[in-house]
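Comments concern the structure below.
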Amino acid sequence: MPATATCPKALHAHLLRSGALFADPSAAAPLAAAASLASLPYALSILRAHPTTFSYNSAIRALARGPRPHLAISLYRSMLSHSRSHPNNYTYPPLLAACARLADSDSSSAAAAAAAGVALHASLFRRGLESPDRFIRASLLSLYAAAGDLPAARQVFDLSPPNHRDLPLWNSLLHAYLSRAHYVQVLRLFRTMRTADHVTLLALLSACAHLGALHTARWAHAYLATTCSFPITTNLATALLNMYMRCGDVQTACSLFHSTPTRHKDVHTWTVMIAGLALNGFSTDALHLFTHMKDHNIQPDSVTLTAVLSACTHAGMVDEGKRILRRMPLDYHLQPTIEHYGCTVDLLGRAGLLEEALALIRAVPFKADVALWGALLVACRCHRNFEMGQMVAMEILRLDPQHAGAWVFLSNVYAAAGKWDLVQEVRISMKQHRIHKPPGSSVVELDGVVYEFLSGDHSHPQSDQIYAMLDEIGKTLSLKGHKPATKLVTFDIDEEDKEVCISQHSEKLAVAFGLINTRRGAVIRIVKNLRICEDCHSVMKVVSEVYDRVIVVRDRNRFHHFKSGSCSCLDYW
DNA sequence: CTAGGGTTAG
């Protein structure tokens with residue numbers, strides 16, 4: 001066959017001239033697939049002439065993988081209504097995958113796609129295709145995961161007979177938990193598995209990266225190195241680097257990166273290194289690596305540029321960041337997306353250039369979204385500009401009435417101004433909208449076991465000791481002249497609840513727990529779900545000096561490496 | 001008879 005798969009007309013002409021289209025009914029299948037990507041009416045005309053299940057399936061599969069997956073579902077509908085050929089077990093996996101792709105996107109049709117997926121489940125069930133086909137089961141599981149229905153996804157797994165649970169089905173379940181941020185579940189499930197391949201390991205490494213659990217990460221790496229017989233792909237190497245970076249082990253990530261041959265590094269590999277260095281506060285190294293990457297003729301992509309901009313943000317390199325944003329189209333043939341503008345708003349905002357950040361938002365060639373305004377809101381809070389902040393909060397609530405951060409900000413501004421009636425109104429609105437803050441949590445790992453603390457938590461068996469330790473720390477701190485940072489306006493969604501005393505923030509509980517249970521000199525590593533607050537930040541600095549400990553805190557945005565009384569972020573975060 | 005599921009980063 002000539003190499004015309006991408007050009008349906010040429011393929012069509014060839015098949016007609018050679019007579020193959022009439023001699024061999026299956027010859028229409030690749031033609032229908034190619035035609036469906038060029039024009040759906042064209043594909044339909046071919047399918048009308050050659051209405052086999054095989055041809056429909058080929059076209060559906062091509063559409064499901066293409067840029068407009070919903071067309072696969074349209075074609076399925078016309079297969080049902082206009083054709084005498086019936087769907088079979090090969091028809092459904094691409095259709096379910098198309099629904100999953102749509103349901104996972106944040107487009108307005110996500111809910112409709114999920115519903116279409118459930119309808120497909122019903123229709124394949126009616127045809128008796130559910131239980132005998134392992135491909136359909138894996139696709140179904142992934143569909144329910146993408147639609148956010150984890151119990152249904154789990155049920156697909158549980159209802160499969162154990163001897164039918166093949167590796168892709170296990171992997172689907174792992175990735176289902178991963179996509180819903182159930183990282184501990186991923187680890188638990190992995191430990192019950194008998195075999196693993198590189199897809200399994202990708203899920204495992206990603207879960208470790210999210211948890212920031214370094215002991216577990218090292219265990220996963222050792223498992224990969226000793227137990228796995230499959231080759232380490234570029235993707236796996238990238239996931240491994242990302243994992244070490246997100247666990248704060250920059251050393252290991254860097255030495256692995258340097259020992260990886262250049263031909264095994266792609267744009268993703270370089271990007272995770274740049275992002276990881278920025279995350280850990282090594283912004284200049286991140287920018288050097290970016291230069292290095294270009295020297296190796298690797299074209300940066302859109303994500304690389306967000307990593308580069310975030311490096312500029314963490315280092316406060318305002319002019320460099322602005323220059324990079326401006327030159328993106330010229331230097332890299334990349335049009336800035338709303339995310340790049342978001343990074344730059346963050347960059348300007350953190351540097352205190354609020355007016356310039358606002359001007360940038362007004363100038364973006366997109367409709368400003370919640371994330372963009374949200375970056376400015378954080379900056380307004382940071383630099384105590386309540387007037388602009390109030391305007392920004394209103395903009396956010398217009399776009400998303402559920403945005404807890406904006407409500408809380410307003411409430412604080414009104415409280416600071418003594419407008420208690422307005423505070424009351426905000427509280428009532430929040431209740432009506434059923435908005436609640438996510439609880440602050442911190443995670444520490446001890447001998448490979450992950451311990452989680454919530455603010456004001458008393459549930460840990462060592463709770464008495466922990467609070468006694470906090471007292472001791474408090475006394476030491478006041479001897480050192482430290483005063484708790486109790487500002488009037490500090491209650492914020494990004495930090496922990498000020499209604500719980502700041503001395504009981506989860507990271508303080510975690511550090512006390514770490515001091516009690518680890519030997520002198522051991523590094524204490526904490527991962528928290530929100531941003532670290534000012535008081536905790538200064539407490540960590542003093543603790544690192546007084547108790548002579550290295551403390552590594554990963555917060556929502558970045559790492560803080562505390563050592564001998566100072567932090568790697570140089571108090572800029 | 002042909003074909004198909006699970007896949008890294010911010």
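Side-chain atoms of A/Ile136 lie closest to B/dG4 of the nucleotides B/dG10, B/dG4, B/dG5. Taking the side chain of A/Phe54 as heavy atoms from C-beta on, and the options B/dA9, B/dG4, B/dT2, the nearest nucleotide is B/dT2. Among the nucleotides B/dA9, B/dT7, B/dA3, the one closest to the side chain of A/Asn235 is B/dT7. Considering only the side chain of A/Arg246, B/dG10 comes nearest among B/dT8, B/dG5, B/dG10. The side chain of A/His268 sits closest to B/dA9 out of B/dA3, B/dG6, B/dA9. Considering only side-chain atoms of A/His175, the nucleotide from B/dG10, B/dT7, B/dG5 that sits closest is B/dT7. Of the candidates B/dG6, B/dG10, B/dG4, the closest approach to any side-chain atom of A/Arg65 belongs to B/dG4. Of the candidates B/dG10, B/dG4, B/dG6, the closest approach to any side-chain atom of A/Pro93 belongs to B/dG4.
Backbone-only engagement by A/Val272 is indicated by non-hydrogen atom pairs under 4.0 Å involving sugar-phosphate atoms exclusively. Looking at heavy-atom distances under 4.0 Å, A/Ser139 makes contact with sugar-phosphate atoms alone, never a base. Heavy atoms of A/Ser142 sit under 4.0 angstrom from primed sugar atoms or phosphate atoms, though from no base atom. Using a 4.0 Å heavy-atom distance criterion, A/Ser206 is classed as a sugar-phosphate-only contact.
The nearest whole Å value for the distance from the CG atom in A/Asn89 to the C1' atom in B/dC1 is 14 Å. The separation between A/Asp197 atom CG and B/dG5 atom P is 15 Å, rounded to whole Å. Here the C1' atom of nucleotide B/dT7 and the CD1 atom of A/Ile232 are 16 Å apart, to the nearest Å. Between the CZ atom of A/Arg134 and the C1' atom of B/dG5 there is a distance of 9 Å, rounded to whole Å. Rounded to a whole Å, the CG atom of A/Asn171 is 14 Å from the C1' atom of B/dT8. The distance between atom OH of A/Tyr76 and atom P of B/dG4, rounded to the nearest whole Å, is 20 Å. Distance, A/His50 NE2 to B/dT2 P: 21 Å, rounded to whole Å. The separation between A/Asp301 atom CG and B/dT8 atom P is 14 Å, rounded to whole Å.
Remark: the A/Asp133 side chain and the B/dG5 base include no donor-acceptor N/O pair separated by less than 3.5 Å. In this model, no side-chain donor or acceptor of A/Asn57 finds a partner on the base of B/dG4 within 3.5 Å.
Within the structure, every side-chain polar atom (N or O) of A/Arg137 is placed at least 4.0 Å from both OP1 and OP2 of B/dG6. Phosphate contact (OP1/OP2 of B/dG10, side-chain N/O of A/Ser302, threshold under 4.0 Å): absent.
Using a 3.5 Å distance cut-off with no hydrogens or angles, the side chains of A/Asp197 and A/Asn171 do pair a donor with an acceptor.
A perpendicular orientation is assigned to the rings of A/His121 and A/Phe125, their planes being inclined by more than 60° (bins at 30° and 60°). In this structure, A/Tyr341 and A/Phe366 have perpendicular ring planes: the angle between them is above 60°, well past the 30° mark.
A/Tyr90 qualifies as a stacking partner of the B/dA3 base, centre to centre under 5.5 Å and near-parallel within 30°.
The two residues A/Ala375 and A/Gly342 come nearest to each other via the heavy atoms CB-O, 4.1 Å.
A/Tyr92 has its ring centre less than 6.0 Å from the ring centre of A/Tyr76.
At distances below 3.5 Å, not a single donor-acceptor pair connects side-chain atoms of A/Ser442 with backbone N or O atoms of A/Lys528.
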